[in-house]
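When a residue number appears, it is its place in the shown sequence, counting from 1. Atoms considered below: every heavy atom in the structure, side chains included; atoms not considered: hydrogens, waters and symmetry mates. Bear in mind the structure is a predicted one, so any value in this text is a computation, not a measurement. In listed order, ligands and their atoms are each counted from 1.
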Amino acid sequence: MKTIGITGIIGSGKTTICHVFEHLGIPVYYSDEEAKKAYNNPLVLQKVLRTFGTMVTDEAGHLDKAQIAAMVFSDKKKLQQLNDIIHPFVAEDFKRWKKKQDSPYILFESAIVFECGFEHWFDDMIVVSTPESESVERVKCRSGISEVEIKRRLDNQQIIRNNIPKVRFIIDNAENSMVLPQILTIHEMIINND
Ligand code: ATP
């Protein structure tokens with residue numbers, strides 16, 4: 001069973017496109033969502049609290065995810081430390097999940113494939129490509145995050161654009177593009193080993 005990574009900048013349409021693959025019967029592992037659940041694991045929680053202490057807790061001593069986000073945004077070393085705790089959990093969870101799947105291939109959705117060097121896990125990669133201005137508009141409509149904040153996040157995701165030449169499958173998800181035929185072509189190519 002092949003594992004295909006799928007990534008793209010914030011608001012590019014990764015999740016929307018993954019839903020189409022799911023309609024084609026392809027299981028999708030939403031790693032960013034699963035990573036958020038890592039804090040429910042007592043061992044992960046313990047490691048996070050031991051490593052960062054009061055930097056990530058509120059006044060009552062409970063984990064404060066907003067503080068974690070603020071901490072890692074301003075400090076790359078701390079981001080690496082946090083990733084070193086969370087990623088092994090996600091990797092194990094993914095392995096368990098994969099064993100339960102029965103399909104010619106599966107998708108692993110993540111916004112941070114290249115930052116984390118995950119691309120080596122995959123038989124192939126898909127990048128969902130959308131003009132930055134459209135992504136910004138979509139995220140603004142969806143979540144009400146400010147344009148400044150969205151652009152700040154996009155700046156952190158330039159690595160995706162830099163890696164596009166290395167990626168086999170690009171889905172153009174600009175507003176006026178025909179996305180379904182692209183998905184079907186990629187699906188057929190993966191299934192037929194083209
Ligand atoms: P994030 O990384 O922030 O989770 P994402 O890459 O998974 O984002 P989606 O959540 O799939 O992106 O899409 C972002 C928004 O854009 C959603 O509201 C979705 O409905 C919309 N959207 C996705 N594709 C298109 C498209 N081709 N045309 C217009 N809107 C779209």
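Looking at ligand 1, you won't find any N or O of Ala111 less than 3.5 Å from one of its N or O atoms. Looking at Lys14 next to ligand 1, an N or O pair under 3.5 Å apart turns up. Checked by distance only, ligand 1 and Ala174 stay at 3.5 Å or farther apart across all their nitrogen or oxygen atoms.
Considering only non-hydrogen protein atoms, atom 26 (C) of ligand 1 sits nearest to Arg138 NH2, 3.3 Å. Looking at atom 24 (N) of ligand 1, its nearest protein heavy atom turns out to be Asn173 ND2, 3.1 Å. Scanning all protein heavy atoms for the shortest distance to atom 8 (O) of ligand 1 gives Gly11 N, 3.1 Å.
Judged by distance alone, the side chain of Gln80 and the main-chain N or O of Lys76 form no donor-acceptor pair under 3.5 Å. Between the side chain of Asn163 and the backbone N or O of Ile159, at least one donor-acceptor pair lies under 3.5 Å. Side-chain atoms of Ser146 come within 3.5 Å of backbone atoms of Glu149 as a donor-acceptor pair (strictly under, hydrogens ignored). Of the possible polar contacts, none joining the Glu34 side chain to the Phe94 backbone as a donor-acceptor pair under 3.5 Å is found. Between the side chain of Lys47 and the backbone N or O of Leu82 there is no donor-acceptor pair closer than 3.5 Å. In this structure, Asp194 contributes its side chain and Glu188 its backbone to no donor-acceptor pair below 3.5 Å.
Residue-level proximity to ligand 1 for Ile9 is carried by the backbone, the only part with a heavy atom below 4.0 angstrom. With a 4.0 Å heavy-atom cut-off, ligand 1 is reached by the side chain of Arg142 but not by its N, CA, C or O. At a heavy-atom distance under 4.0 Å, atoms from both the backbone and the side chain of Ser12 approach ligand 1.
Between Glu33 and Lys37 no salt bridge is recorded (no basic side-chain N to carboxylate O distance below 4.0 Å). A salt bridge does not link Asp155 with Arg152: none of the charged nitrogens is closer than 4.0 Å to a carboxylate oxygen.
Atoms of ligand 1 lying under 4.0 Å from at least one heavy atom of Gly13, given by number and element, are 5 (P), 6 (O), 9 (P), 11 (O), 12 (O), 13 (O).
Ligand 1 has no atom lying under 4.0 Å from any heavy atom of Val139.
Between Phe108 and Phe122, the ring planes lie tilted relative to each other; the angle falls in the 30° to 60° range.
Of the options Thr130, Ile145, Thr16, the smallest heavy-atom separation from atom 9 (P) of ligand 1 is shown by Thr16. Here the shortest heavy-atom distance to atom 7 (O) of ligand 1, taken over Asp32, Ile150, Thr15, belongs to Thr15.
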